[in-house]
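Treat the numbers as computed from the prediction; the structure is a model and nothing was measured. Just so you know, residue 1 is the first one in the sequence shown, and it goes up from there.
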Amino acid sequence: MEKIASAKPLFRDKKRRVWEVDVLRGIAVLAMCFDHAMFDFAYYRGWFSNGYGMGENFLDKLSALARDYWRSTSNHLSGFRFWGHAVFIFLFLFLVGTSCAFSRDNGRRGAEIGVAAFLFTGISFVLKQMGIMDDGVIFGILHCIALSVLICAAVDNLTKFNKYVNLYAPLVIGTIILIVAIYLGAWNKLTYDGSGNRLFESEFVDEHFLGYIFGTHAFGDDWFGLFPYIGFVFLGIYWGKAAYPSKASLFPRLNGKWNKPFAFVGRHALITYFVHQVIIAGIVILLGLCLGFRL
């Protein structure tokens, strides 16, 4: 009897992947790398023991541009980083949801990302002890993604009794979450309260632990509470199911060599997340040492 080869899952077979999703995810990840690089260059002098005793050098011009970039976060109307950060965070989490629509086992996928998130928390607190990070990471973007994927997997299983309910439930849930977030002014409260005080707490508070997860309190160097960000993931799931019922690219003829670098990063987003800061920090330190700075 002829053996029938089992079909590989969509996310394990590069030939069957939806290339535009990989490319868009890769662009979002590279935007994150740029964002973090700007932060490192903005305050690079503080990394070195003689950082503030050295004269001006070519890195100072880049540092000035990087500081201007980060200051633009506070300008909600025209700030480049404010709008750029918002767009790419939406895109990244929306594509997390789209990927959920393709995946055969979101429970396992969410658990794997959760393990990576806890590993990153451990690394962040080692870096905190070394003085490289200020607070460490309690509930960052990886934690948000992991828990969102697990919650969405549960909703998907609960709504499988009817194909229409299964299709539209993510759209309804995601829309409700975002409408409530807009009504409550959630994005205005993510960083500052009405009197201009920072909502990010300078010290970890045990009583606020669930608040860090759900989004009512903020703490850490990287913080993304579930509310309202899980709404983007739910919308992405609906889009994945509605736009890709056959799990095939919508633009197969546009696929080509031009997108390979972006697609590669998109396929290896988790690895990129873990290694990009090490690479960026290595570049900053190497340039500083070449200019006479000392660690």
Euclidean distance, D35 CG relative to M38 CE, rounded to 0.5 Å: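 Those atoms lie 9.0 Å apart.
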
Aromatic plane relationship, W19 with F251 - under 30° parallel, 30 to 60° tilted, over 60° perpendicular: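 Taking W19 first and then F251, their aromatic rings stand perpendicular (interplane angle over 60°).
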
Geometric class of the F204/Y212 ring pair [parallel <30°, tilted 30-60°, perpendicular >60°]: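 Ring orientation, 0 to 90° scale: tilted.
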
Minimum heavy-atom distance between [X] and [Y], given as atom pair plus value:
{"X": "F227", "Y": "I177", "value": "CE1-O, 3.7 Å"}
{"X": "F48", "Y": "L289", "value": "CE2-N, 4.4 Å"}
{"X": "D156", "Y": "N166", "value": "OD1-ND2, 2.9 Å"}
{"X": "V233", "Y": "C152", "value": "CG1-SG, 3.8 Å"}

From CA spacing to verdict: ring pair (Phe, Tyr, Trp, His ring centres under 6.0 Å), F34, Y69: CA-CA 11 Å; F34 171 80; Y69 164 80; 5.5 Å; yes

Same apolar cluster: L178 and V87, side chain cutoff 4.5 Å: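 Different clusters.
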
F214-F139 co-clustered via ILVMFWY side chain contacts under 4.5 Å: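 Result: yes, single cluster for both.
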
Test side chain to side chain contact (heavy atoms under 4.5 Å, CB included) applied to I123 and F274, step by step: CA-CA 10 Å; I123 294 173; F274 270 91; 4.2 Å; yes

Flag for R45-S63: side-chain donor and acceptor within less than 3.5 Å: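 Their side chains do not contain a donor-acceptor pair, so the 3.5 Å distance test is not met.
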
CA sep, side-chain torsions, deciding dist, call: Y43, F39, ring pair (Phe, Tyr, Trp, His ring centres under 6.0 Å): CA-CA 7 Å; Y43 306 104; F39 184 85; 5.2 Å; yes

